[in-house]
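A short worksheet on the structure shown next.
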Amino acid sequence: MEKKEIKGYPHVLYERVVYPLSEAEARAKAYYEWLDTRRTVRDISDKPVSKELIARLIMAGSTAPSGAHKQPWVFCAISDHEIKKAIRKAAEKEEYDSYHGRMSKRWINDLAPLGTDWNKPFLEEAPWLVVVFKRVYELVDGEKSTNYYVNESVGIACGLMISAIHQAGLVTLTHTPSPMNFLTKILNRPNHERPYLLLPIGYPKDEVFVPDLARKPLEEVAVFYPEE
Ligand SMILES: Cc1cc2nc3c(=O)[nH]c(=O)nc-3n(C[C@H](O)[C@H](O)[C@H](O)COP(=O)(O)O)c2cc1C
């Protein structure tokens, strides 16, 4: 690999892969159409998934760009049944309270088409739970060193991991039991890490139905300058 020093720091030659425009368009179309088949699946089978596979998915997420390359994320991967059971119990308690008074009427109405409620069996049934923590700051020799654009960075890492999960033929759901502090306690994480997202991962159950949702068309999600 060709290396060079630029402004006093080591750089490596970027390995370019250039496609002719028509091929680039075809690849973008195929990738979009494949991504469009991803769905949030809440019926996850208990069929085993290897640790190696989960590690690979985590590494796919960890390729994400991050503010000043701080990579402010920690993925806690859990297959231990007792820990999963504890997480389910704590999450269902929070979710019960949310569905019975903490969430607004409008929120409950918006969730109705998804068929969700406070029961979260997937937290125990899925072979793996990955709890993503964001690292708000690093501790360097006991000194706090703040990370940059933490939410943006960790969100992108989760997105890439979700895409990798889909690529492997597995399913997940982006679960956000609220509040999530119980995860810090159960997983014994330090104070400078905060729970960000909980991803149960596994194969879908044999016959699964998902909400019949439509995604917004291009005109609703994009604005081009110039328009034509
Ligand atoms: C930040 C975030 C939080 C979410 N929280 C939950 C959740 O707690 N429980 C759940 O069942 N789905 C949750 N979802 C999944 C959404 O309901 C789902 O993505 C949406 O209905 C669209 O469905 P699709 O993913 O199949 O396109 C969440 C999604 C995101 C992005």
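For reference, positions follow the sequence shown, starting with 1. Ligands are counted one by one from 1 in listed order, and the atoms in each one are counted from 1 as well. Below, all heavy atoms of this structure are taken into account, side chains as well, without hydrogens, waters or symmetry copies.
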*Any side-chain heavy atom of Phe75 within less than 4.5 Å of one from Met161?*
yes
*Residue that, paired with His175, satisfies side-chain contact (heavy atoms from CB on, under 4.5 Å) out of Leu199, Leu123, Leu129*: Leu123
*Among protein heavy atoms, which lies nearest atom 14 (N) of ligand 1, and at what distance?*
Thr174 O, 3.1 Å
*What atoms of ligand 1 come within less than 4.0 Å of a heavy atom belonging to Thr116?*
11 (O)
_Min side-chain heavy-atom separation Leu13-Met1 under 4.5 Å_ = no
_Atoms in ligand 1 flagged as close to Leu114, the criterion being non-hydrogen separation under 4.0 Å_ = 17 (O), 21 (O)
*Distance only, no hydrogens: is a donor on one side chain within 3.5 Å (strictly under) of an acceptor on the other, for Tyr99 and Thr116?*
yes
*Counting each atom of ligand 1 from 1 as listed, which ones have a heavy atom of Leu213 under 4.0 Å away?*
21 (O), 22 (C), 23 (O)
*Any N/O of Thr40 closer than 3.5 Å to an N/O of ligand 1?*
yes
*Would Thr176 count as a contact of ligand 1 if the rule is a heavy atom under 4.0 Å away?*
yes
*asked:* If you define the side chain from C-beta out and look only at heavy atoms, does anything of Ile78 sit under 4.5 Å from Leu187?
replied: yes
*Ser62 side chain to Trp73 side chain, donor-acceptor N/O pair below 3.5 angstrom*: yes
*Any atoms of ligand 1 less than 4.0 Å from a non-hydrogen atom of Arg215? List them with their elements.*
24 (P), 27 (O)
*asked:* Would Arg38 count as a contact residue for ligand 1, given that I'm defining contact as a non-hydrogen atom of the residue lying under 4.0 Å from a ligand atom?
replied: yes
*Step by step, would you call Thr37 with His166 a side chain to side chain donor-acceptor pair (under 3.5 Å)?*
CA-CA 9 Å; Thr37 63; His166 184 50; 2.9 Å; yes
*Could you pull out, from His175, Arg42, Arg39, the option with a heavy atom nearest to atom 16 (C) of ligand 1?*
Arg42
